[in-house]
There are 2 protein chains.
Amino acid sequence: MSGARSTAIGRPRGFDTDEALERAMRVFWQRGYEGASLTDLTTAMGITKTSMYAAFGNKEELFRKALQRYSDGPARYIESALAEPTARAATEAILRGAVRTSTSPGDFAGCLTVQGALPSSDGCRSAHDVLVEWRNQAGARLEQRFRRAVRDGDLPRGTKPKRLARFVMTVAFGISVQAANGVGRDTLDEIVDHTMLTWPG
Amino acid sequence: MSGARSTAIGRPRGFDTDEALERAMRVFWQRGYEGASLTDLTTAMGITKTSMYAAFGNKEELFRKALQRYSDGPARYIESALAEPTARAATEAILRGAVRTSTSPGDFAGCLTVQGALPSSDGCRSAHDVLVEWRNQAGARLEQRFRRAVRDGDLPRGTKPKRLARFVMTVAFGISVQAANGVGRDTLDEIVDHTMLTWPG
DNA sequence: GGCGATAAGTACCGGCCGGTACGGAAGGCG
DNA sequence: CGCCTTCCGTACCGGCCGGTACTTATCGCC
């Protein structure tokens, strides 16, 4: 991000962009795109609006970068889940990960990518679209993982990867709604238990 | 609502409150509580702000009434689902109903009670709380239905009603997120098919 | 120290937010 | 008809929204 050109000229930045972005991410997580005002964001980030605009562009770009950070941080479990040796293990890792992230103590209930901007008031259309894309892509990657599993004989021959992936993602999304509703970690883990009982084959 | 006192005095109302509320409900459905501005609402309702305030109180009360209308209209399927003869039929009715309502053509994708206000920016805390309450109550009623089913031998003796109800509600919530994501009715029905395969007993 | 470059802080922008004051319009009733 | 009551339309409120112009502070380099 910071050019880090051989020679850095000018007054150096007075804050840590990574930490500021982390804090912004949490505000978006808690309040959603619309609900997070610039005042909320910059206050949490500990900087002024001008600094925010200089460092991140505008609110929309800040959100995009916060979402990226979310993917690399709290939602990293998706990446590692896909690397699990079996489709079943991948699924359970995703669901357990969703539970853990949606209920991490000290953080906020729910999932940034679900709470962020479900409805689409005109003003936040682009944030909405980014999240739709994010969610669909997550499903697509799981589908691809399942497709490979069928090819490898890890899943029964008749299994439809797309359908199974959509089912798993549906449960994952539902989990984050339940978490936002105040349902606790243990209860959500029971839901995962129940879901895993239904595994094909 | 309208007093309808034996003698109606004064200038009569120039619009149909039911239809206005219906239209307001749809705006909330599409945009969520925060995303629906008074201008959006009154424009869709075809009345002025003053008329709206006189007839419904304020934005928050309007939302509450719109939610009630949603319960009595698009979400009526929950009521009838609970009256199904078996727990399995009730579950399938809820899930199919969620699919149908979340994807009714001409209306908007998703479910008012999920899209309405998932995150809680300070300004919409009360709308948020109302929806949390709504969702939890829906789950509680399903749980009670399951509890009866266990008592009646309709569900296997070991079944945990609370757990099963939460699972079903999780899938239902997930369905509405998927619908908001643009997933179509047929695909969602496949998810219901898949879910029903897992029925205990 | 002086200069160029970048960041930080202040004060402000037009616009929309939810909500309201007020005067006129439209009905029943004597 | 006048009168009372209720509703409608306009014009407006303070406050916050996302975003910005301009000044001041802090750096590297010569």
Side-chain angles (χ1 to χ4, degrees), chain A residues 1-21 24 27-28 31-66 117 119 121-128, chain B residues 1-21 24 27-28 31-66 117 119 121-128:
Chain A
M1 190 64 41
S2 62
R5 223 67 202 89
S6 54
T7 54
I9 358 179
R11 176 174 172 175
R13 189 165 275 147
F15 61 96
D16 183 333
T17 54
D18 272 358
E19 185 173 333
L21 186 54
V27 174
F28 281 128
R31 302 188 183 259
Y33 181 80
E34 283 195 283
S37 73
L38 280 191
T39 305
D40 293 334
L41 290 163
T42 52
T43 299
M45 296 165 88
I47 62 179
T48 61
K49 284 190 208 177
T50 19
S51 299
M52 194 282 278
Y53 274 88
F56 300 101
N58 58 19
K59 186 182 178 183
E60 190 183 319
E61 286 186 41
L62 177 63
F63 180 72
R64 241 182 272 268
K65 284 162 186 162
S121 137
D122 292 341
C124 67
R125 168 78 58 172
S126 74
H128 171 84
Chain B
M1 193 62 43
S2 63
R5 224 67 202 87
S6 54
T7 54
I9 351 179
R11 176 174 173 176
R13 190 166 273 146
F15 62 95
D16 183 334
T17 53
D18 272 358
E19 184 172 333
L21 186 54
V27 174
F28 280 128
R31 302 188 184 260
Y33 181 79
E34 283 195 283
S37 73
L38 280 191
T39 305
D40 294 334
L41 290 162
T42 52
T43 299
M45 296 164 90
I47 63 178
T48 62
K49 283 190 208 177
T50 2
S51 300
M52 194 283 276
Y53 273 88
F56 300 101
N58 59 19
K59 186 182 178 183
E60 189 182 320
E61 287 186 39
L62 177 63
F63 180 72
R64 242 181 271 269
K65 284 162 185 160
S121 134
D122 292 340
C124 67
R125 168 77 59 173
S126 75
H128 171 84

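Note that the structure is a prediction, hence the values are computed from the model and not measured. Chain letters run A, B, ... following the sequence lines, proteins first and then strands; every chain starts at 1.
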_Restricting to side-chain hydrogen bond (donor to acceptor under 3.5 Å, both in side chains), what partner residues turn up for B:T48, sequence neighbours left out?_
B:T50, B:S51

*For B:D18, side-chain hydrogen bond (donor to acceptor under 3.5 Å, both in side chains) partners two or more places apart*: none

Would you mind reading off the distance between [X] atom [atom1] and [N] atom [atom2], rounded to a whole angstrom?
| X | N | atom1 | atom2 | value |
| --- | --- | --- | --- | --- |
| A:D122 | D:dG18 | CG | P | 16 Å |
| B:F56 | C:dG18 | CZ | P | 16 Å |
| A:Y53 | D:dG19 | OH | C1' | 4 Å |

*With sequence neighbours left out, write down each residue that passes salt bridge (charged side-chain N to carboxylate O under 4.0 Å, His left out) with B:R64, or none if nothing qualifies.*
B:E60

*Reading 5' to 3' through nucleotides 6-17 of chain C, protein heavy-atom contacts under 4.0 Å coded B for base, S for sugar-phosphate only, - for none*: BBSBB------S

_Under the ring-ring contact (aromatic ring centres under 6.0 Å, His included) test, residues paired with B:F56 that sit two or more places apart_ = none

*asked:* Going by salt bridge (charged side-chain N to carboxylate O under 4.0 Å, His left out), name the pairs with one or both residues in residues 41-56 of chain B, residues two or more places apart or in two chains.
replied: none

